[in-house]
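Let me begin by presenting the structure, written as structure tokens, before commenting on it.
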Amino acid sequence: VFFTEASQLLWFARRFRGGTAGDEGVEVPSVKLVAYSVVLPALRQVQEVWPNVFMPAFPDIFAANFCHFTNFLQAAEEVMDKSEADELRQNVLGDFQKRWKTQV
């Protein structure tokens, strides 16, 4: 929903990166719109509301949850520019990714 072609977030993110051909845009490289307005709040919500999502008690459910997380992250990173994605990985995702009990 956040990263579909008709998404308002995607429209704003493109404008802050300088726009697309034929569009007016404002290049604001310091704005990390997707990382800090979508990804970070979503990950915090998961940690607070579903803390057991990281435990592989039910392997099929665990695998589905992990796939949802990786697909969400991949879609978000496709919308971000490289510096935003790098900052997200370095400053935010480390702790969240360590929570997944993938060593089964």
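Both backbone and side-chain heavy atoms feed into the values below; hydrogens, waters and symmetry mates do not.
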Can V38 and F72 be said to form a side chain to side chain contact (heavy atoms under 4.5 Å, CB included), step by step? CA-CA 10 Å; V38 176; F72 172 74; 4.1 Å; yes
If every non-hydrogen atom of L88 is compared with every non-hydrogen atom of M80, which pair is closest and at what distance? CD2-CE, 3.4 Å
Which pair of non-hydrogen atoms, one from P41 and one from A35, has the smallest distance, and what is that distance? CD-O, 4.4 Å
Output field: ring centroids F54/F62 closer than 6.0 Å: no
Any salt bridge (Lys or Arg N to Asp or Glu O under 4.0 Å) pairs touching residues 62-74, not counting sequence neighbours?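 Sorted pair list comes back empty.
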Partner residues of E87 under the side-chain hydrogen bond (donor to acceptor under 3.5 Å, both in side chains) criterion, sequence neighbours left out: Y36
Determine whether F69 and V46 satisfy the following criterion, side chain to side chain contact (heavy atoms under 4.5 Å, CB included), listing intermediate values before the conclusion. CA-CA 10 Å; F69 162 69; V46 168; over 6 Å; no
For a side chain to side chain contact (heavy atoms under 4.5 Å, CB included) check, start with the C-alpha distance between Q97 and L73, then their side-chain angles and the critical distance, and finish with the verdict. CA-CA 11 Å; Q97 287 178 320; L73 186 58; 4.1 Å; yes
Other ILVMFWY residues reachable from I61 by side-chain steps of under 4.5 Å: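 F58, which link up through side-chain heavy atoms under 4.5 Å apart, make up the rest of the cluster.
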Could I get the full list of salt bridge (Lys or Arg N to Asp or Glu O under 4.0 Å) partners for K82, not counting sequence neighbours?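 With sequence neighbours excluded, K82 shows a salt bridge (Lys or Arg N to Asp or Glu O under 4.0 Å) to D86, given in chain and number order.
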With a 4.5 Å heavy-atom cut-off, do F66 and V53 have their side chains touching? no
If a pair satisfies side chain to side chain donor-acceptor pair (under 3.5 Å) and one of its residues is in residues 50-77, list it, with sequence neighbours excluded.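 Passing the test, one end in residues 50-77: E77-R89.
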